[in-house]
Enquirer: 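Following this message is one structure expressed as structure tokens.
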Number of protein chains: 2
Amino acid sequence: MASHRAPRLAKKPPDQYHHGDLQRALLQAAVRTIQKHGIAGLTLRAVGEELGVSRSALYRHFADKAALLEAVAREGFRTFRLALLAGWEGAGRGLAGFDAMGMAYVHFALEHPWHYRVMFGSGFDRSASNPELTEESSGAFQVLVDALVELQGQGLVRSDDPQSLAHFIWALVHGIAMLAIDGPLQHDGVDIDALTRFAIERLHTGIAAGPSAEGRATPVTLR
Amino acid sequence: MASHRAPRLAKKPPDQYHHGDLQRALLQAAVRTIQKHGIAGLTLRAVGEELGVSRSALYRHFADKAALLEAVAREGFRTFRLALLAGWEGAGRGLAGFDAMGMAYVHFALEHPWHYRVMFGSGFDRSASNPELTEESSGAFQVLVDALVELQGQGLVRSDDPQSLAHFIWALVHGIAMLAIDGPLQHDGVDIDALTRFAIERLHTGIAAGPSAEGRATPVTLR
DNA sequence: ACCTGAACACCGTTCAAGT
DNA sequence: ACCTGAACACCGTTCAAGT
């Protein structure tokens, strides 16, 4: 790019001080390394090698390894929130939007399993004051709460405390995601999509037997 | 214990070859170390020190560190299964037993968080053929399946595929447990017991609004 | 049979030194 | 201001050697 004399081209031009934005490059390299070698195989040496940079260069841009993982989690929560929102709004909100948001949740976990693992794993202190991370995290959660409040306003969802409802539903999809990624649903030939659809149906009508629920084709959506 | 001459008493008598059952002692020491220093702080050196034994002595009884963690998980699944069964039978089976089993699930996770983390964490290969572990694990799952089949036989639960129902319910309680232990429910002042009870209620009747569910004090348990 | 202790190949992190 | 390279204190694992 700049004007040096006849640079001997390596794959990445080590012209200036290596990068204009090493911070961002380190983040991306960390994600690639995790995808290749797992979260335990994320070593600062491997990250540095991928960029042709010393292993201690990272410390100019991140406090330590945990901070690097936090950055990965933050990036994950950001795109996660957008995915949930896209599901909700893409299906035109309402009960269809609610269901689409649930599917989007599980799909995100299946499509970005490593991001999801880092986001909800224990690679860093969640309690240690980390305002940026908790903000992104609760931002994603808020999408669900907002949707529930809207549905309650339309009389489509029970008028319970929205926080409790949201925690309940979040736990459900989180559980499906975790069991699908790392748990026994992984290799048992379970159709995750079908299970998720089933779970969302049961979310609407419950599991109780009896004329009020059993045999009804569509969930109760009076009014 | 045995007859040596005037043993200079250390805390643990290093009389013979240290232990009659080092394997079991190592397992317990591992659990204690994890409880004290976290799952990442589990080092073979720390385990050995706790027993006054070399750090390589472990390799006589476990293939490697992952095998030690697997043993912890196996022990966890065994007592977990018993806890679920105690809830189910202690409450006299039926719907009350079902609810008690759900509470027992979450309570186990809250009372043995480190065991739970190891059981469902990624400290070892779950796919790598490990028959003993998967047997214990699916044994715990089977308690739930059996209960559901029994409830279906009594007409108390929808006649869906019991496996799907079990996966759905398992995901829910697993999600609550994970969010309560490591997630944002941890320090938000959320009453986990109340949330679990609420979740189990919603499990019965669903979240839909309308006369068929809203306002009814007790879940539908016709017949 | 069971355990030790040195050795090996790895880690994350620090810090003086280079440009 | 940004990065290097040596050094430090840790790891898990192996293996000859002791009893």
Side-chain angles (χ1 to χ4, degrees), chain A residues 1-2 4-5 7 10 12-27 29-30 33-34 36-72 118 121-125 128, chain B residues 1-2 4-5 7 10 12-27 29-30 33-34 36-72 118 121-125 128:
Chain A
M1 252 184 227
H4 276 264
R5 49 229 149 96
K12 291 153 201 159
D15 269 2
Q16 343 134 341
Y17 257 123
H18 286 102
H19 290 91
D21 192 355
L22 184 57
Q23 167 134 8
R24 176 142 195 80
L26 283 166
L27 182 63
T33 306
I34 291 176
K36 225 179 293 174
H37 302 104
I39 197 165
L42 174 70
T43 69
L44 303 190
R45 280 158 170 82
V47 172
E49 254 174 37
E50 184 133 346
L51 297 176
V53 116
S54 159
R55 56 185 168 275
S56 46
L58 176 135
Y59 287 88
R60 190 65 42 177
H61 300 96
F62 295 95
D64 51 13
K65 191 185 173 182
L68 181 61
L69 275 173
E70 277 177 26
V72 173
V118 173
S122 45
F124 47 88
D125 257 0
Chain B
M1 247 191 224
H4 276 263
R5 48 228 148 95
K12 290 153 201 157
D15 269 3
Q16 342 135 342
Y17 257 122
H18 286 102
H19 291 91
D21 192 354
L22 185 56
Q23 167 135 8
R24 174 141 197 82
L26 284 167
L27 181 61
T33 306
I34 291 176
K36 224 179 294 175
H37 302 104
I39 197 165
L42 173 71
T43 69
L44 302 190
R45 280 158 170 82
V47 172
E49 255 174 36
E50 185 134 345
L51 297 176
V53 116
S54 159
R55 55 187 170 276
S56 46
L58 177 135
Y59 288 88
R60 191 64 40 177
H61 301 95
F62 295 95
D64 52 12
K65 190 184 173 183
L68 181 62
L69 275 173
E70 277 177 26
V72 174
V118 172
S122 45
F124 47 88
D125 258 1

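Reminder, nothing fancy here: chain letters follow the sequence lines and each chain counts from 1. The basis for the numbers below is simple: all heavy atoms, side chains too, and nothing from hydrogens, waters or symmetry mates.
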Enquirer: Atom CG of Leu58(A) and atom P of dC2(D): how far apart are they, to the nearest Å?
Expert: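 So the two atoms are 14 Å apart, to the nearest Å.
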Enquirer: Closest-nucleotide mapping onto DNA chain D: is Lys65(B) or Arg60(B) further toward the 5' terminus? I mean the 5' end.
Expert: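 Residue closer to the 5' terminus by nearest nucleotide: Lys65(B).
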Enquirer: So do the side chains of Leu58(A) and Leu22(A) get within less than 4.5 Å of each other, counting heavy atoms only?
Expert: no
Enquirer: Taking a pair as Watson-Crick or G-U wobble with both distances under 3.5 Å, which nucleotide is matched to dC15(D)?
Expert: dG5(C)
Enquirer: Looking at the base of dG12(C), is there any donor atom on it, or on the side chain of Arg55(A), that sits under 3.5 Å from an acceptor on the other one?
Expert: no
Enquirer: With side chains defined as the heavy atoms from C-beta onward, is the minimum distance between Phe124(B) and Lys65(B) less than 4.5 Å?
Expert: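 Answer no - side chains too far apart.
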Enquirer: Please figure out whether Ala57(A) or Tyr59(B) has its closest DNA chain D nucleotide nearer the 5' end.
Expert: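 Here Ala57(A) is the residue nearer the 5' end.
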Enquirer: Could you check whether the side chain of Ser56(B) and the base of dG5(C) have a donor-acceptor pair of N or O atoms closer than 3.5 Å, going by distance alone?
Expert: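 Between dG5(C) and Ser56(B), which were checked side chain against base, a qualifying N/O pair under 3.5 Å is present.
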Enquirer: Is dC10(D) paired to anything, Watson-Crick or G-U wobble with both distances less than 3.5 Å, and if yes, which nucleotide?
Expert: none
Enquirer: Take atom NE2 of His37(B) and atom P of dC11(D), then tell me their distance rounded to the nearest Å.
Expert: 10 Å
Enquirer: Just the rounded figure in Å: distance from C1' of dC3(C) to CZ of Phe62(B).
Expert: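 After rounding, the reported distance stands at 16 Å.
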Enquirer: Which nucleotide in the list dG12(C), dT4(D), dC3(C) gets nearest to the side chain of Arg45(A)?
Expert: dG12(C)
Enquirer: Consider the side chain of Thr43(B), meaning its heavy atoms from C-beta on, and name the nucleotide among dT4(C), dC11(D), dA7(C) that approaches it most closely.
Expert: dC11(D)
Enquirer: Quick one, Glu70(A) and Phe62(A) - any side-chain contact, counting heavy atoms below 4.5 Å?
Expert: no
Enquirer: Just the rounded figure in Å: distance from P of dG12(D) to CD of Glu49(B).
Expert: 12 Å
Enquirer: Provide, to the nearest angstrom, the distance between the CG atom belonging to Leu26(B) and the C1' atom belonging to dC3(C).
Expert: 12 Å
Enquirer: Using a heavy-atom cut-off of 4.0 Å across all strands, would you classify Leu42(A) as base, sugar-phosphate, or nothing?
Expert: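 Here Leu42(A) touches the backbone only, sparing every base.
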Enquirer: Write down the distance between CG (Leu44(B)) and P (dG12(D)), rounded to a whole number of angstrom.
Expert: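 Rounded to the whole Å, the gap is 4 Å.
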Enquirer: Mind calculating the distance between CG (Asp21(B)) and C1' (dA1(C)) to the nearest angstrom?
Expert: 15 Å
Enquirer: Can you confirm whether His37(B) sits close enough to Leu42(B) that some side-chain heavy atom of one is under 4.5 Å from a side-chain heavy atom of the other?
Expert: no
Enquirer: Check whether Lys36(A) reaches the backbone of Gly41(A) with its side chain - one donor and one acceptor, N or O, closer than 3.5 Å.
Expert: no
Enquirer: Of the candidate nucleotides dT4(C), dT14(D), dG5(D), which contains the atom at the shortest distance from the side chain of Ser54(A)?
Expert: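 Of the options given, the side chain of Ser54(A) lies nearest dG5(D).
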Enquirer: Compare the minimum distances between each of dT4(D), dG12(D), dC3(D) and the side chain of His61(A), then state the nucleotide with the smallest one.
Expert: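 Given the options dT4(D), dG12(D), dC3(D), the side chain of His61(A) is closest to dC3(D).
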Enquirer: Nearest whole angstrom, please: distance from the P of dT4(C) to the CG of Leu51(B).
Expert: 10 Å
Enquirer: Given dC3(D), dT4(D), dT14(C), identify the nucleotide with an atom nearest to the side chain of Leu22(A).
Expert: dC3(D)
